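None of these values were measured; they are calculated from a predicted model. Each chain gets a letter, A, B and so on, in the order the sequences are listed, and its residues count up from 1.
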2 protein chains.
Amino acid sequence: MQAMLKALAEPRRVAILELLSGGEMRAGAIAEHFETTRPAISEHLRVLEDAGLVTQRREGTRRIYAVRKESFAELRRFLDRFWDDGLTRLKDAAEEEARARRRPRPR
Amino acid sequence: MQAMLKALAEPRRVAILELLSGGEMRAGAIAEHFETTRPAISEHLRVLEDAGLVTQRREGTRRIYAVRKESFAELRRFLDRFWDDGLTRLKDAAEEEARARRRPRPR
DNA sequence: CGCCTATGTAAGCAGATGCCTACGCTTCTG
DNA sequence: CAGAAGCGTAGGCATCTGCTTACATAGGCG
């Protein structure tokens with residue numbers, strides 16, 4: 001769990017997850033979205049995978065990465081321990097998000 | 001938001017939040033729960049406060065810290081962006097809890 | 001095979017970070 | 001006011017971490 005939190009501490013890794021939330025991608029394609037070098041992204045992907053936040057599969061010479069969604073459920077459960085009336089606010093958040101979904105520009 | 005994630009990357013700070021989830025505490029009392037020195041804890045508390053994860057108030061010469069619960073709601077909303085069916089589950093959990101809450105809640 | 005493509009790995013460097021000791025600043029208390 | 005109590009701050013050090021430039025590895029293709 002701490003590995004997940006450490007992995008999320010790096011903005012670049014969060015950006016990678018945002019990219020992957022749109023669907024799986026291969027390593028090179030991910031790297032092209034950033035100003036940094038490919039090896040740097042490769043390192044980040046390894047950290048994300050070790051933390052269980054992404055999964056990886058090989059396809060020939062390519063490596064396809066995808067968000068491991070269950071990990072976010074685990075994170076949710078973990079964070080709720082610090083939040084005694086969390087379920088009340090959970091409701092609020094859900095309804096607000098649901099409204100935001102229905103309208104493209106809520107604010 | 002990234003500040004919150006960075007703050008949570010440190011195990012000691014998570015431990016402090018766990019302590020505070022049981023109720024507010026003064027700085028010295030928090031430090032006594034760890035093997036490390038008081039200034040180290042003071043630093044951690046500053047990081048947690050800057051990140052918005054805890055609040056602080058003064059009481060004479062003492063400083064009382066408490067978890068800022070809304071921050072965990074913010075974290076939840078943030079993390080749900082990576083979890084495409086997260087909103088569905090969020091909504092289900094909220095509605096279930098809303099039904100349970102129609103009865104008076106203990107305090 | 002020989003070479004190209006797609007990626008991970010290694011070594012080294014610079015900046016960030018956590019911890020420690022020493023010290024400074026408020027707020028009580030007598 | 002003087003001293004103590006309760007905490008934050010400063011400076012220094014060791015470690016961690018992310019980035020870059022080579023280099024290694026593995027599969028695909030002629």
Side-chain angles (χ1 to χ4, degrees), chain A residues 1-20 22-68 71 75 82, chain B residues 1-20 22-68 71 75 82:
Chain A
M1 173 55 62
Q2 200 59 46
M4 279 190 197
L5 295 171
K6 268 192 126 167
L8 291 170
E10 189 58 38
R12 192 87 76 179
R13 285 194 284 265
V14 173
I16 290 175
L17 287 172
E18 287 176 349
L19 252 185
L20 289 179
E24 56 180 26
M25 292 176 68
R26 61 190 187 80
I30 296 170
E32 287 167 6
H33 281 76
F34 300 96
E35 301 284 328
T36 183
T37 60
R38 196 187 47 69
I41 298 299
S42 184
E43 275 283 324
H44 284 313
L45 288 170
R46 197 175 68 79
V47 173
L48 287 169
E49 188 183 3
D50 288 349
L53 287 165
V54 305
T55 57
Q56 181 219 68
R57 75 168 195 278
R58 305 191 182 189
E59 203 166 87
T61 166
R62 303 176 180 177
R63 307 233 179 164
I64 316 288
Y65 290 87
V67 172
R68 183 177 156 267
S71 62
L75 268 174
F82 307 116
Chain B
M1 173 54 62
Q2 199 59 49
M4 281 190 194
L5 294 171
K6 267 191 128 167
L8 291 170
E10 188 59 38
R12 191 86 76 179
R13 286 195 285 264
V14 173
I16 291 175
L17 287 173
E18 287 176 351
L19 252 185
L20 288 178
E24 57 181 27
M25 294 175 70
R26 63 188 187 79
I30 296 170
E32 287 167 6
H33 280 75
F34 299 96
E35 301 283 329
T36 183
T37 60
R38 195 187 47 68
I41 298 298
S42 184
E43 276 282 324
H44 284 312
L45 288 170
R46 198 175 66 80
V47 173
L48 287 169
E49 189 185 2
D50 288 351
L53 286 165
V54 305
T55 57
Q56 181 220 71
R57 75 168 195 277
R58 304 191 183 191
E59 203 166 88
T61 167
R62 302 177 182 178
R63 308 235 178 162
I64 316 289
Y65 289 88
V67 171
R68 182 176 157 270
S71 62
L75 267 174
F82 307 116

Length of the line joining [X]:[atom1] and [N]:[atom2], which is rounded to integer Å:
{"X": "A/L8", "N": "D/dG18", "atom1": "CG", "atom2": "C1'", "answer": "16 Å"}
{"X": "A/I16", "N": "C/dT7", "atom1": "CD1", "atom2": "P", "answer": "13 Å"}
{"X": "B/E59", "N": "D/dG8", "atom1": "CD", "atom2": "P", "answer": "14 Å"}
{"X": "B/R58", "N": "C/dT27", "atom1": "CZ", "atom2": "P", "answer": "7 Å"}
{"X": "A/E43", "N": "C/dT9", "atom1": "CD", "atom2": "C1'", "answer": "8 Å"}
{"X": "B/L45", "N": "D/dT9", "atom1": "CG", "atom2": "C1'", "answer": "14 Å"}
{"X": "B/D50", "N": "D/dG8", "atom1": "CG", "atom2": "C1'", "answer": "13 Å"}
{"X": "B/L48", "N": "D/dC7", "atom1": "CG", "atom2": "P", "answer": "16 Å"}

Would you mind telling me which of [options] lies closest to the side-chain atoms of [X]?
{"X": "B/R62", "options": "C/dA10, C/dT7, D/dG6", "value": "D/dG6"}
{"X": "B/R63", "options": "D/dA22, C/dC19, D/dG8", "value": "D/dG8"}
{"X": "B/R26", "options": "D/dG6, C/dG8, D/dG8", "value": "D/dG6"}
{"X": "A/T61", "options": "C/dA6, D/dT9, D/dG6", "value": "C/dA6"}

Base, sugar-phosphate, or nothing for [X], non-hydrogen atoms under 4.0 angstrom?
{"X": "B/S42", "answer": "base"}
{"X": "A/E10", "answer": "sugar-phosphate"}
{"X": "B/F34", "answer": "nothing"}
{"X": "A/T37", "answer": "base"}

### Message
Consider side chain to side chain donor-acceptor pair (under 3.5 Å). Of B/R12, B/E49, B/R13, which one does B/H44 pass it with?
### Response
B/R13
### Query
Can you tell me if CZ on A/R58 sees more than 12 non-hydrogen neighbours from other groups inside 6.0 Å?
no
### Query
A/A40 or B/Q56: which one's nearest nucleotide on DNA chain D is closer to the 5' end?
B/Q56
### Summary
Comparing A/I41 with B/I41, nearest DNA chain D nucleotide closer to 5' gives the residue B/I41
Taking the side chain as C-beta and beyond, is there a heavy-atom pair between [X] and [Y] under 4.5 Å?
{"X": "B/M25", "Y": "B/L19", "value": "yes"}
{"X": "A/V67", "Y": "A/L48", "value": "no"}
{"X": "B/L8", "Y": "A/L8", "value": "no"}

### Message
Let me confirm one number: the CD1-CG distance from A/I16 to A/L53, rounded to the nearest 0.5 Å.
### Response
11.0 Å
[X] side chain N/O closer than 4.0 Å to the phosphate oxygens (OP1, OP2) of [N]?
{"X": "A/T36", "N": "D/dG18", "value": "no"}
{"X": "B/H44", "N": "C/dT17", "value": "no"}
{"X": "A/R38", "N": "D/dT21", "value": "no"}
{"X": "A/Y65", "N": "C/dA6", "value": "no"}
{"X": "B/K6", "N": "C/dA16", "value": "no"}

### Message
Please compare A/I64 and B/R12 by the position of their nearest nucleotide in DNA chain C and report the one closer to 5'.
### Response
A/I64
